[in-house]
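Everything numeric here is computed off the predicted structure, so don't read it as measured data. In what follows, every heavy atom counts, from backbone to side chain, and hydrogens, waters and symmetry copies are set aside.
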Amino acid sequence: MKPARRKSSTVHIGKIAIGGDNPIRIQSMTNTSTMDTQASISQCMSIINAGGELVRLTAQGVKEAQNLQNIRAELRKINYETPIIADIHFNINAAITAAKAVDKVRINPGNFVDAHLNIGKPDFSEIEYQQGINKIRSKLIPFLNVCKEHNTAVRIGVNHGSLSDRIMSKYGDTVDGMVESCMEYLRICIEEDFREVVVSMKASSVRVMVESVRLLVRKMDEEGMEFPIHLGVTEASDGEDGRIKSAVGIGVLLYEGIGDTIRVSLSEAPENEIPVAKALINYIHGNNTKDAQQINLPQNAETRKVPIVIADYSNAKHYQGNTEIPPDIIYRGSNYLLNIPQEIKELDMFEIIYPQDINPDTFNRLKQFPKIKVILSAENFHEQKIAFLQLKNKQIPNQIIIHRKYSEPDADTFRLKAAADCGYFFLQGLADGIFLQNTAGNISPETVYLCSFGILQAAEARITKTEYIACPGCGRTLFDLQNTLKQVKEATKHLKGLKIGVMGCIVNGPGEMAGADYGYVGAGSGKISLYKGKECIKKNIPEADAIKELLKVIQK
């Protein structure tokens with residue numbers, strides 16, 4: 001059973017197409033210097049050989065944009081026909097140059113024409129606001145004309161943390177502002193009859209990313225637009241956290257039929273992103289041709305209790321969990337027990353399996369015993385939503401625990417599937433807990449229940465550890481981002497509840513790590529600047545001293 005995909009127009013990028021009836025395309029981005037032709041070619045090949053269908057490179061200036069033509073030409077000589085995309089911030093001339101050299105150009109409405117100065121919510125009169133839209137039109141149309149001439153597609157890519165000052169003046173730092181920032185550009189594209197456009201809404205917050213994409217789809221529907229959508233959770237970090245965070249955000253939307261191309265942003269080698277993206281698409285849009293019924297559950301705006309985590313120790317001789325993040329309840333096979341070292345006693349819980357247990361007798365029993373927790377089990381995500389909706393429609397007062405059982409041979413596949421299946425219920429603020437089981441492989445009970453905590457953290461439903469907002473790096477990055485992230489994690493992992501950004505450059509710095517409490521941002525070759533929120537606290541610190549200085553800033 002797979003979700004029916006949203007109807008979208010077809011956009012041609014080089015020799016492939018996105019949207020329409022085409023497969024969901026997978027892409028990644030290099031982290032080499034765009035002026036290093038051979039290194040960039042080598043990394044493009046690694047991404048393509050791993051299964052990447054589009055490759056993006058940064059072009060921060062005209063000379064980098066010009067060199068994209070050399071990179072593309074050399075790849076074609078060795079029979080790599082994969083579309084090449086330019087990533088542009090701030091520089092209109094670089095965008096126009098790149099449009100003559102590559103297959104698609106990504107532009108950011110937050111800094112393509114308007115200023116983005118991180119000055120909070122500035123004052124713009126209505127006249128000044130409209131003048132800003134006219135300025136966009138005067139700059140965007142010449143760029144679109146070059147794209148038309150060279151058959152170059154465009155991605156209008158909005159980032160939550162880099163909304164323009166003009167948009168901020170009217171909407172603030174909101175999902176509405178993100179969507180309007182995109183719609184302004186799309187309306188001009190429609191006026192100019194330029195349809196080769198893909199759109200994206202990205203944020204380091206999974207919740208913001210999902211809400212902004214949903215709102216964008218509604219707004220486009222209202223105005224008769226069907227542009228394809230690029231999905232991704234930006235600055236998702238690395239390892240287990242990055243994969244869970246991406247699977248929750250991208251998975252929720254893929255299940256809703258939204259998404260025509262995806263990029264999983266990991267602070268790792270770019271080719272590592274490809275198998276994660278492939279696995280996610282294959283799991284949600286697998287070979288089963290039957291389309292699932294779309295069920296939309298309303299978001300719960302009420303204040304809720306913190307969701308609980310149940311750990312499965314039914315096949316373990318004794319508890320060997322994480323002392324820093326213990327589960328709330330341990331399942332021993334026949335009884336649900338309070339976690340060690342508290343006093344062990346039986347808890348009232350009742351398992352409901354969809355569809356056989358969804359009946360009037362069950363509903364009556366639950367209403368008689370409202371304090372009994374419901375362990376809600378189903379075969380797949382779609383059935384889980386149907387079961388949840390039926391319980392809520394019968395006004396069942398009990399707390400509902402989402403229960404999913406898997407049989408995965410490795411931890412990465414298990415995490416990916418569990419995050420995609422369960423994240424929705426916590427992003428919507430609906431479920432009261434999570435209980436995961438995996439019956440195959442050598443995956444430890446601790447690994448399984450810690451995945452539950454990771455899903456809750458990604459959905460911003462329960463915070464149990466330090467969160468890292470880290471970009472995957474690109475040609476602008478002037479330090480070893482992957483090793484630096486590991487060092488920052490080791491130095492700050494005890495700071496539960498803090499969000500710390502590790503960003504390669506000023507483009508991915510104070511803006512795009514919008515939700516971070518503290519930031520470690522590349523400022524130049526061997527230099528780092530430190531941020532508290534969006535405020536720069538220390539500038540141009542030698543890289544060797546930066547982590548020590550970051551800890552001082554946090555302690556102060």
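By the side-chain contact (heavy atoms from CB on, under 4.5 Å) test, A459 is found to be paired with F426, L427, residues two or more places apart in sequence or in another chain being considered. Checked against salt bridge (charged side-chain N to carboxylate O under 4.0 Å, His left out), E211 has no partners two or more places apart in sequence or in another chain. By the ring-ring contact (aromatic ring centres under 6.0 Å, His included) test, Y424 pairs with F381, sequence neighbours left out. For R195, the side-chain contact (heavy atoms from CB on, under 4.5 Å) partners two or more places apart in sequence, or in a different chain, are I190, D193. For N483, the side-chain contact (heavy atoms from CB on, under 4.5 Å) partners are D480, K486, Q487, not counting sequence neighbours. Checked against side-chain contact (heavy atoms from CB on, under 4.5 Å), A101 has the following partners two or more places apart in sequence or in another chain: Q69. Judged as a ring-ring contact (aromatic ring centres under 6.0 Å, His included), and not counting sequence neighbours, the contacts of F414 are Y406. By the salt bridge (charged side-chain N to carboxylate O under 4.0 Å, His left out) test, E81 is found to be paired with K15, R76, residues two or more places apart in sequence or in another chain being considered. For K7, the salt bridge (charged side-chain N to carboxylate O under 4.0 Å, His left out) test picks out E226, with sequence neighbours left out. Residues meeting the salt bridge (charged side-chain N to carboxylate O under 4.0 Å, His left out) test with E490, sequence neighbours left out: K493.
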Checklist entry - Would E273 and S265 count as a side-chain hydrogen bond (donor to acceptor under 3.5 Å, both in side chains) if you check the C-alpha gap in whole Å, the side-chain angles of each, and the deciding distance to 0.1 Å? => result CA-CA 7 Å; E273 299 175 352; S265 296; 5.1 Å; no
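Sorted by first then second residue, the salt bridge (charged side-chain N to carboxylate O under 4.0 Å, His left out) pairs that include residues 39-48, not counting sequence neighbours, number zero. Applying the salt bridge (charged side-chain N to carboxylate O under 4.0 Å, His left out) test to every pair with at least one member in residues 18-28, sequence neighbours left out, gives these pairs: R25-E53.
In summary, the side chains of T37 and N67 do present a donor paired with an acceptor at a separation below 3.5 Å, with no hydrogens or angles considered. Looking only at atom types and distance, the side chain of T152 has no donor-acceptor partner in the side chain of D103 under 3.5 Å away.
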